[in-house]
Novice: 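I have a structure here, written as structure tokens, and I will follow up with some questions on it.
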Protein chains: 2
Amino acid sequence: MVQYANAGLDASFAALSDATRRGVLEQLGRAEASITDLAEKFNMTLTGMKKHVGVLERAGLVITEKVGRVRTCKIGPRQLEEEMAWLERYRQLWDARFDELDKVVEELKRKELVDGRKQRE
Amino acid sequence: MVQYANAGLDASFAALSDATRRGVLEQLGRAEASITDLAEKFNMTLTGMKKHVGVLERAGLVITEKVGRVRTCKIGPRQLEEEMAWLERYRQLWDARFDELDKVVEELKRKELVDGRKQRE
DNA sequence: CGCATACTGAACCATATGGTTCAGTGTCTA
DNA sequence: TAGACACTGAACCATATGGTTCAGTATGCG
């Protein structure tokens, strides 16, 4: 029934809805980092940062690998194409919708003009 | 301190993280609708739909107007430009990052080659 | 070995989310 | 004026989120 459902989009948009997580993504876009690095940079406990990284990882936006004591986080492999595509499609709908509203407004104006003439006849 | 904060992005990405709300946006991109229309289409109580519309409205993605008994919902005025811009910037970071990783890999290969020669000398 | 480091998991807390029901209020319309 | 209709708000519920502390476990290093 609800064919519009899309768990991937749910997860990635939810992941992006937090400023810390967006910051982590930007950071990892510049260089890999450990949980400790990220926790310090974002002024948060290790446990707290671990949770954020978990959310990003579950959304496929980050991959991590533990070597020795250290878990290294990097971006990848999703480039948010699907999310871009959704926004792009919405933008098109939006444009079309506003064109249509413009037309409706014009049509109303035209009719008013005609009605005006009729009334003067 | 946390200059990366952005309540607008928080709200819109959070609004987009629910399939029903994405559906409502697409629907409103095609035509205006009342709360009742939307509730029926998405198989939900009026109260439930009202909440979703509230979230979209607070995020600036939908505007509503009540005339008589009926509250009419339409899209606007935000075209999600800021959100597109964020994703676009991330894509660029992502590209740059992967280019860099490629270079690192090449550099490693080159060094291995050199080391191999050295060892044979 | 022994200590410091780096993470991890459980438990807790306050608040938000996604949904419901129920009891209204206000607006058409016959 | 009576009933139907459209919405609204409060209250409730289960679960998730964003954070913490505390008590581990595993690893590296002198």
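Note on naming: letters A, B, ... go to the chains in the order of the sequence lines (proteins, then strands), and numbering restarts at 1 for each one.
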Novice: Under 4.0 Å, heavy atoms only, any strand: does B/Leu46 hit a base, just the sugar-phosphate, or nothing?
Specialist: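 Touches a base.
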Novice: Can you tell me the distance, in whole Å, between the CG atom of B/Asp10 and the P atom of D/dT17?
Specialist: 15 Å
Novice: Among pairs that include at least one residue of residues 6-18 of chain B, which meet salt bridge (charged side-chain N to carboxylate O under 4.0 Å, His left out), considering only residues two or more places apart or in two chains?
Specialist: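 Those involving residues 6-18 of chain B are A/Arg22-B/Asp10.
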Novice: Which parts of nucleotides 22-29 of chain D does protein reach within less than 4.0 Å, heavy atoms only, written one letter per nucleotide 5' to 3' as B for base, S for sugar-phosphate only and - for none?
Specialist: B----BS-
Novice: Under 4.0 Å: is that the gap between some side-chain N or O of A/His52 and OP1 or OP2 of D/dT17?
Specialist: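 No, outside the criterion.
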Novice: Hey, is the side chain of A/Lys51 pairing donor to acceptor with the base of D/dG19 inside 3.5 Å?
Specialist: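 Answer is yes: a donor-acceptor pair is held.
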Novice: Excluding sequence neighbours, so at least two apart, what forms salt bridge (charged side-chain N to carboxylate O under 4.0 Å, His left out) with A/Arg69?
Specialist: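 A/Arg69 satisfies salt bridge (charged side-chain N to carboxylate O under 4.0 Å, His left out) with no other residue.
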Novice: If you look only at pairs with a residue in residues 80-93 of chain A, which of them pass as a salt bridge (charged side-chain N to carboxylate O under 4.0 Å, His left out), with sequence neighbours excluded?
Specialist: A/Arg78-A/Glu83, A/Glu88-A/Arg91, A/Arg89-B/Glu26, A/Arg91-A/Asp95
Novice: What is the distance, to the nearest angstrom, from the CE atom on B/Met49 to the P atom on D/dT8?
Specialist: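 One finds 13 Å between P of D/dT8 and CE of B/Met49, rounded.
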Novice: Which label fits B/Trp86 and B/Phe13: parallel for a plane angle under 30°, tilted from 30 to 60°, or perpendicular past 60°?
Specialist: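 Perpendicular, since the angle between the ring planes exceeds 60°.
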Novice: Tell me the closest heavy-atom pair linking A/Val53 and A/Ile35, and the distance in Å.
Specialist: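 The answer is CG2-CD1, 4.1 Å.
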Novice: What integer distance in Å separates B/Phe13:CZ from C/dT17:P?
Specialist: 16 Å
Novice: Could you check how far CZ of B/Arg71 sits from C1' of C/dC28, rounded to whole Å?
Specialist: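 These atoms are roughly 17 Å apart.
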Novice: For A/Glu57, give me all partners under salt bridge (charged side-chain N to carboxylate O under 4.0 Å, His left out), at least two apart in sequence or on another chain.
Specialist: none
Novice: Can you list the residues that meet the side-chain contact (heavy atoms from CB on, under 4.5 Å) rule with B/Ala39, with sequence neighbours excluded?
Specialist: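 B/Ala39 satisfies side-chain contact (heavy atoms from CB on, under 4.5 Å) with B/Leu46, B/Met49 only.
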Novice: In whole Å, what is the span from the CG atom of A/Leu38 to the C1' atom of C/dA6?
Specialist: 13 Å
Novice: Is the phosphate of D/dT17 approached by A/Arg21 (side-chain N or O, under 4.0 Å from OP1 or OP2)?
Specialist: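 No, A/Arg21 has no side-chain N/O under 4.0 Å of OP1/OP2 on D/dT17.
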Novice: Tell me: CG of A/Asn43 to C1' of D/dG18, nearest whole Å?
Specialist: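 A/Asn43 atom CG is separated from D/dG18 atom C1' by 14 Å.
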Novice: Measure the distance from CD1 on B/Ile35 to C1' on D/dG9 and round it to the nearest whole Å.
Specialist: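 One finds 14 Å between C1' of D/dG9 and CD1 of B/Ile35, rounded.
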Novice: Whole angstroms only, please: what is the NZ-C1' distance between A/Lys66 and C/dG9?
Specialist: 12 Å
